[in-house]
Amino acid sequence: MASTNDPFQFQEFEEAGNLLEANRDATTISIEDDDLPDRQRKAAGFTPDDEDPLASDDKTELLSGQKNSAPFWSFEYYQRFFDIETHHVKERIIGSMLPWPGKNFIHVHLRRNPDLYGPFWICTTLVFALAISGNFSNFLVKLGKPNHKYSPQFGKVTIAATAIFSYAWFVPLALWGCLLWRNNKIMNLVSYSFMEIVCVYGYSLAIYIPAVVLWIIPFEWLRWCSIVVALCLSGSVLVMTFWPAVREDHPKVIAAIMSAIVLLNVLLAVGCKAYFFSKPEAALTPEHPAALELTKA
């Protein structure tokens, strides 16, 4: 039989019993009551409406592991496309200039993380390179001719910007719409977003920057050689990137899409060369009428 003086035996506190007997209307709180936190908040004057909605949203995002995406018309939506390391931009530029057969530019270099920082500065650099090199080339061609006065053509900057940025934005937009339309017609496992296509087109123009600088030298054979090399490298990046997205389609659709990609690339290069860089003029022979009139004058 257990001893009556057992120290571990439960004993009621006499003071608590005396207090209850003195105040019969007192309210007791059970520890097992599930509504204890709510009652305590109500007793302190807090209600659920007083909670911070921003704090609750942050808690929900942290618990779910997701973050609400900003709308595309806001600055925060485009800010993430400029958050990129310098070495990543360098790798993508090198990858666009030295395409490797069988390697997709989006899968190898972008890794579902497209950026607009590299394409923007590549297009901007190409615009000024075209305008400056074109003016300097025309100056060298007409240098030493009588009655020639050099005047810089600043309007070429606007024309170059219109041509380059239109190609870098509207062509990807049309291609993205075409691929989206064809993906609804057929079950294609490869699909690209609009920003990924813009990123590919922007980096594919990087090879034209050194080519444009070479166009300053007034030798047509050198200019056409640089155009052919730039077209082959830039076109290879585009063809190898978008071939997996169209190879399951109808043969005629494949031929049309790939031909349009290559043709627009060729038109951009040849058009810029023809407009910004004039052909070196041949020396006038004495038999030419214009030479005779110039001699008489």
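For clarity, every value in this text was computed on a predicted model and none was experimentally measured. Side chains are part of it too, since the values below use all heavy atoms of this structure and drop only hydrogens, waters and symmetry mates.
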Which pair of heavy atoms, one from [X] and one from [Y], lies closest together, and at what distance?
X: F277; Y: I216; answer: CE2-N, 4.2 Å
X: V246; Y: M258; answer: CG2-SD, 3.8 Å
X: G95; Y: H109; answer: CA-NE2, 3.6 Å
X: Y203; Y: G118; answer: OH-CA, 3.5 Å
X: A206; Y: M97; answer: O-CE, 3.3 Å
X: A269; Y: W215; answer: O-CH2, 3.9 Å

Path from [X] to [Y] over hydrophobic side-chain contacts below 4.5 Å:
X: V239; Y: I227; value: yes
X: I207; Y: V108; value: no
X: M240; Y: V229; value: no
X: V266; Y: V212; value: yes
X: L264; Y: I164; value: yes

When you measure from the side chain of [X] to the backbone N and O of [Y], does any donor-acceptor pair fall under 3.5 Å?
X: S234; Y: L231; result: no
X: N265; Y: I261; result: no
X: E91; Y: H88; result: no

Short side-chain donor-acceptor distance under 3.5 Å, S137 and R223: yes
Mutual orientation of the aromatic rings belonging to F242 and Y192 [parallel < 30°, tilted 30-60°, perpendicular > 60°]: perpendicular
Flag side-chain contact, heavy atom, 4.5 Å: W176 against P172: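 A side-chain contact is absent here, since even the closest heavy-atom pair is not under 4.5 Å.
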Side-chain touch I254/W243, heavy atoms, less than 4.5 angstrom: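 Yes, at least one pair of side-chain atoms sits under 4.5 Å.
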Residue Y117 excluded, over 12 heavy atoms near OH under 6.0 Å: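 No - once you tally the heavy atoms of other residues, nucleotides and ligands closer than 6.0 Å, there are 12 at most.
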Test side-chain contact (heavy atoms from CB on, under 4.5 Å) applied to F276 and I159, step by step: CA-CA 10 Å; F276 293 98; I159 298 175; 4.2 Å; yes
Taking distance alone, no hydrogens or angles, what donor-acceptor pairs closer than 3.5 Å link side-chain atoms of residues 119-131 to residues at least two apart or in another chain?
| from | atom 1 | to | atom 2 | distance (Å) |
| --- | --- | --- | --- | --- |
| T124 | OG1 | F120 | O | 2.8 |
| T125 | OG1 | W121 | O | 2.6 |

Basic-acidic side-chain contact under 4.0 Å: K273, E220: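 A salt bridge is present here (some side-chain N lies under 4.0 Å from a carboxylate O).
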